[in-house]
Structure formats: structure tokens, C-alpha cells
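Residue numbers begin at 1 in each chain, while the letters A, B, ... track the order of the sequences.
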Amino acid sequence: HLVCWPWPLSELFSFFAYRWEEERYTDGVKWKFLEHKGPVFAPPYEPLSSKVKFYYDGKLLKLSPKAEEVATFFAKMLDHEYTTKGIFRKNFFKDWRKEMTSEEKALITDLNKCNFTEMAEYFKAQSEARKQMTKEEKQKIKEENERTLQEYGFCIMDNHKERIANFRIEPPGLFRGRGDHPKMGMLKRRIQPEDIIINCSKDSKVPEPPAGHKWKEVRHDNKVTWLVSWTENIQGSIKYIMLNPSSRIKGEKDWQKYETARSLKKCVDRIRNQYKEDWKSKEMKIRQRAVALYFIDKLALRAGNEKEEGETADTVGCCSLRVEHIKLHPELDGQEFVVEFDFLGKDSIRYYNKVPVEKRVFKNLQLFMENKQPEDDLFDRLTTLILNKHLQELMDGLTAKVFRTYNASITLQQQLKELTNPEENVPAKILSYNRANRAVAILCNHQRAPPKTFEKSMQNLQAKIDAKKDQLTDARRELKSAKADAKVRKDEKSKKIEEQLMKLEVQATDREENKQIALGTSKLNYLDPRISVAWCKKWGVPIEKIYNKTQREKFAWAIDMADKDYEF
DNA sequence: TCTGTAACTTAGTATCATAGGG
DNA sequence: CCCTATGATACTAAGTTACAGA
């Protein structure tokens, strides 16, 4: 029979014990049996009704189906700011023209003369209509989605029925990278079965391609975890369909990641002493490596691989920092040796920080910057490969990103110890948890755009608080004037209101502090879940207050494993 | 040993679903 | 009961690291 996550503790342990002891999977074998139904393709394009008009240079023009499809991609984005950006428009227009007939190509030579407004309005009306659907219509769609999920959303890997993460092929559309992306606006082409590589086991039932089509390839590679792959046309990179985080294969990997971070804990002092020594090395290469590692450790910076210029947005990590990204202040606001960082990191999120450093680090940075232009590499003798090779020698499995995991998790554990007040009630404890989580998010620079409705929602909450305060005043007045026999009842009532007020105030504080901070990323990717589970058990906070259903599924292994005394 | 590519994790945001207040 | 604010989920881009092959 098929066993789904979350499985019982005994089974989890016996499974892993079996794996390690019997070495069931050696040499990178990831599974023995894999069967699935293949991907779900994007729905085919439905040509617009002729009532929806497109105008070129003020004149009505019926586009060929291919050109029309691409035009609708642009029309759907019309009220986004980026359709006004030069690069977006240039890339879009170039790719759109490739889809045109020769007649269209000859006629349509200027994007500024294209009028997409009727198309845009048509799609807006469509989405309005979708919102206005009756309950029954919505229910029907929901059931349809559920059927698709049941058919395509699961696979069998070894003895488990597992949820697939992304079983739908990405639909065609216009590419919008993050930040200043040189390829924004390019056409992301439609993926056909002929583009798809299927991966499954030899003894499984191979998924059928859609009628009249063939797969590009069917392979049986059990050294990888993906079920389906295709090559995307913007960067030429490979996209994969893989399993959900709740799956055995992902959970096991996640666990392993935190175990590696815990082994760093055991030797981090030695490594820190070593890189401090290396600041004095006579070899420039070693000094650069040591200063970079110090940044990675202290500031939780990413490794910073080299990137191909012009292919992606101009972002950097530690090893790819340029001279222009830091400023040295021998003295700033009463502090000595301050380094001011200002650069765009992953997803073009700005990293801005002023950090006092050891004198020796400061002097080294001055040295690295000597006779360089702003656009030159700060660490010109260093790459992530060199750094990771060095780290591998210091500890088995150590790479630059382990420091982020380690520092995030250890920070959570410390902060929880510091901030949790045993006397406080559950909502206050949860505020402490969120504050500990927040300290990590700040360390890892996990930012978000303040929600559009932020101000309004704060006002609403404040109004609720004010109303509750009035209610409390009334209740207390009633209590005072109440007769002896009603006193107890009235007192309970004010107590209840007090508690509600306190809850609201905690909520307001939490929300305010969280305005531009995203907690989700660290919670999902950096914090050893066993720390949180242990904290919940220790303080009697229900785990549901910390992890929602999906998160509990992802961290099922940790929920089973950790007791209240777990130490990262 | 170097380089390019494959594999897999990490990331923010758009969209969807639903709980809870009016 | 309906509506909307909010949390959950879907989506897919953008990183890191492992690894194959020249």
C-alpha cells in the first residue's frame, strides 16, 4: 500500500536507518522506482473574437493568430509600468515581429503606433466576469482543478505516493526578470511535448504524450530527482518538475542541510581563528579569501558567483563585490573602521549596511582597493570556486551557503533564549518568536515591498484597539458600580476584554515591525525547524501558531524528531 | 585544471481562497 | 450571509554547487 507523508515516527527512522545502514542507495542513486503522469500543458491559445479590435496607426487591423497571441501578452500587461520601459518595449517588439506574417512585418514597424487598449479592456472585463461567477460555476472550476491535481499532482517514488511541486508547464508570455533585466519583454515561447524530457523508471508505466505528439526523450536516470525537464528559451536554462517539499526526497535533503550546518557549529571557532590569522598572510590571494569569508560569516552574504554580463541584471554577492560597492570610513558617527556596503544582491534587492570591522580587515580592504577603478572587482584574486574549495578542506560538506544556514539557525536559537519570557502568555510568546525570526530575516536581508494596503490595515487595527479600549473603560465602570453578587461576573468580563486588547496590541506591534521584512524565506529555508518545534514544546505553544499546514507537512520530520530539549 | 552545464535551493510577488467581521 | 482583508499557495526567476568533459 501507498504511504503518504506525514508518516509515523517509527517508519521515518526505520527508513533512514535502512538507508544508511544497508546503503540501499549508493553512488548518488536517488530512487529505485518512479512513475508519474507527465506534465500538464498550458491551455491552447483561443483566438479573440473579431469584436475585439486592434489598431495600427489608427487603422483597424486583423492580426494573424500567432501575432495576435503575442499581442495579447502585451495587452494584458498594459497597465504595468514596465510596458513603458525602453528595453521591455524593444525586446518585446523584436520578438513579436518574429511571430508576424511577412505582410504584418512590413506594415507594423513602430510599436508606438500600436493600439492595444481594446484588447486590454477586454481582458479586464474578463477578469471582472470571473469574479462575478456564481457559486456553482466557481465550484465546478474547483472540482476540475481538484481532478487535475489528483491525476497529475502525484507520483509514486519507491514506496510512497508523493505530491509533485509544479506539475504544470509554464505558459507562454513575456519575460519579466527582476530589477534592471536586459531581457525583459522577450517572448517566452510555448512549450510543446516535443520539448519535454520525461524521467521515470524502466519498470514504470511511461506517461503518454498528448494525442498526435511525441516526447523529446524518455530517460531512466535514477541519479536525479526530477520527473520532467525542458529548456527555456530566454536564458537557455533547464527547467524541472520536481517533488513537493513534503516528499521524502526533499525532506531528507533538508535534514541533511541542517546537519551540515550543525557540524559547522562544532568547528566554527577554529575556522574563525584561521581566517583571522589569514588576514596577515603574505599572499594576497589568501588575504582576500579570508576577508571575504569574514563577510560571509559576519554578514551572511551569499557566495557571489560570476555572471555573464548583459545576460542578467547586474547583481553581486560577496566574491563578486566591486570597489564601487563599498565605502571605507576610518571614522563614522563615533565608530572606527566602518565599511559602508551598498549593492544589489539576489533578485536586485538592495543591501545597505554600515559595519564596524577590525582594523586589520579595514587595512586589507584599503589594500585591495588600491589603484583600482570603481568597476573593478574588490576580490580580484578570488572566485567562489576557490573559496568553496578552501572551505571543503576545512570541513566535509562546507560551502559558503552553509554559513548562512548556520548563522540564521544559531541566531534564532539565541534570540529565542533571550526574548522568551516564561511569565508571558501565548500571544506575547509568539511575538517574541516573530521577533527572533525577524532578527534572522534582517541578518539575511530578506526584504519585501511594503504591502499596498499597509497604511490602511494599520489604521483599521488601530481603530479596533481604540474601540477595545473604550469597551474596557465601560466594563471597568460597570465593575465598580456593580453589586456584590455581580462583581465576579463583571470582573471576568473586564479580564476577557483586557486580554483581547493585549492581543490586538501585540498584533499591531508585530505588523508594524514587519512592514518591510519578509519572514517566510528564512522560516522555510534557513531555520532548523527542530529549534522551533523544541521551543513550542518547551513553552506550550501549539505548533500550529508557528507553522501553517503546508509548513507542518514540509517539516514533518522535525516535528516528529525534536523534543523540548533539542539543541541546534 | 578549467569551463560550461545540470541539478537543486532560495527568493519575492501575483493570485487565490477563506476566515472572520459587519 | 456577504464581503473584504489576510494568509496561503502558485509561480517562476535567480541564486549556489556539483559534476562532466575538454
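- Comment: A:Asp79 engages A:Lys124 in a salt bridge, judged by a side-chain N to carboxylate O separation of less than 4.0 angstrom.
- Computed from coordinates, the A:Lys257 NZ to C:dG15 P distance equals 18 Å when rounded to whole Å.
- Comparing A:Lys549 and A:Cys318, the nucleotide of DNA chain C nearest to each residue sits closer to the 5' end for A:Lys549.
- The CD atom of A:Gln392 sits 11 Å away from the C1' atom of C:dA18 (whole-angstrom rounding).
- Between A:Asn305 and the phosphate of C:dG15, there is no side-chain N or O to OP1/OP2 separation shorter than 4.0 Å.
- For the pair A:Arg219 and A:Glu217, the salt-bridge criterion is met [side-chain N within less than 4.0 Å of a carboxylate O].
- One atom, CG of A:Leu391, and another, C1' of C:dT17, lie 12 Å apart when rounded to the nearest Å.
- With hydrogens and angles left out, the side-chain atoms of A:Thr225 and A:Tyr240 include no donor and acceptor closer than 3.5 Å.
- Counting non-hydrogen atoms under 4.0 angstrom, A:Gly520 reaches nothing in the nucleic acid.
- Screening residues 174-185 of chain A for salt bridge (charged side-chain N to carboxylate O under 4.0 Å, His left out) gives A:Arg178-A:Asp347, A:Lys183-A:Glu311 as the qualifying pairs, with residues at least two apart or on separate chains.
- For A:Ile164 and C:dC11, the CD1 to P distance is 13 Å, given to the nearest whole Å.
- The distance from atom CG of A:Leu412 to atom CG of A:Leu527, rounded to the nearest 0.5 Å, is 5.0 Å.
- In this structure, CD1 of A:Ile517 is placed 13 Å from P of B:dT13, rounded to the nearest angstrom.
- Classified by interplanar angle (parallel below 30°, tilted 30° to 60°, perpendicular above 60°), the ring pair A:Phe175/A:His181 is perpendicular.
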Under 4.0 Å protein heavy-atom contact, by nucleotide of nucleotides 14-22 of chain B - B base, S sugar-phosphate only
----S----

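- Distance, A:Glu553 CD to C:dA8 C1': 12 Å, rounded to whole Å.
- Residue A:Asn388 is in sugar-phosphate contact alone, with no base atom involved, counting any heavy-atom pair closer than 4.0 Å across all strands shown.
- If you take CD of A:Glu308 and C1' of C:dT16, they are 17 Å apart, rounded to a whole angstrom.
- Contacts of residues 431-442 of chain A with DNA chain B (heavy atom under 4.0 Å): none.
- By the 4.0 Å N-to-carboxylate-O rule, A:Arg262 lies close enough to A:Glu259 to be salt-bridged with it.
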Polar pairs (N or O, both sides) under 3.5 Å between protein and nucleotides 3-6 of chain B?
none

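- By the side-chain hydrogen bond (donor to acceptor under 3.5 Å, both in side chains) test, A:Gln150 pairs with A:Glu146, sequence neighbours left out.
- We find that A:Asp528 and A:Arg530 are joined by a salt bridge, their nearest charged nitrogen and carboxylate oxygen being less than 4.0 Å apart.
- Salt-bridge formation is detected for the pair A:Lys188/A:Glu170: a Lys NZ or Arg NE/NH1/NH2 atom is positioned less than 4.0 Å from an Asp or Glu carboxylate oxygen.
- Within residues 522-529 of chain A, no residue is approached by DNA chain C to less than 4.0 Å at the level of any non-hydrogen atom.
- In this structure, A:Phe379 CZ and A:Cys319 SG are separated by 7.5 Å, a value rounded to the nearest 0.5 Å.
- The CD atom of A:Gln256 sits 13 Å away from the C1' atom of B:dT9 (whole-angstrom rounding).
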With the criterion being N/O to N/O and under 3.5 Å, what pairs connect the protein with nucleotides 12-14 of chain C, and how long is each?
unit_1: C:dA13; atom_1: OP1; unit_2: A:Lys188; atom_2: NZ; d: 3.1
unit_1: C:dA13; atom_1: OP2; unit_2: A:Lys239; atom_2: NZ; d: 2.5
unit_1: C:dA14; atom_1: OP1; unit_2: A:Arg178; atom_2: N; d: 2.6
unit_1: C:dA14; atom_1: OP1; unit_2: A:His181; atom_2: ND1; d: 3.3

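- A salt bridge links A:Glu252 to A:Arg248: at least one charged side-chain nitrogen sits closer than 4.0 Å to a carboxylate oxygen.
- Taking a 4.0 Å limit (strictly below) on heavy-atom distances, residues 395-407 of chain A reaches DNA chain C at A:Thr399, A:Ala400, A:Lys401.
- Salt-bridge formation is not detected for the pair A:Arg189/A:Asp95: no Lys NZ or Arg NE/NH1/NH2 atom is positioned less than 4.0 Å from an Asp or Glu carboxylate oxygen.
- Taking CG of A:Leu34 as the reference point, atom SG of A:Cys200 lies at 6.5 Å (rounded to 0.5 Å).
- Every pair passing salt bridge (charged side-chain N to carboxylate O under 4.0 Å, His left out) that includes a residue from residues 378-390 of chain A is listed here, sequence neighbours excluded: A:Lys372-A:Asp380.
- Ion pair A:Glu69/A:Arg190 flagged as a salt bridge, since at least one NZ, NE, NH1 or NH2 atom sits closer than 4.0 Å to an Asp/Glu carboxylate oxygen.
- Taking the side-chain hydrogen bond (donor to acceptor under 3.5 Å, both in side chains) definition, one finds that A:Asn407 meets it with A:Asp297, sequence neighbours left out.
- Legend: salt bridge (charged side-chain N to carboxylate O under 4.0 Å, His left out) pairs involving residues 428-443 of chain A, not counting sequence neighbours, sorted by first then second residue: A:Arg435-A:Glu513, A:Arg438-A:Asp510, A:Arg438-A:Glu513.
- Partners of A:Arg302 according to the side-chain hydrogen bond (donor to acceptor under 3.5 Å, both in side chains) rule, which considers only residues two or more places apart in sequence or in another chain, do not exist here.
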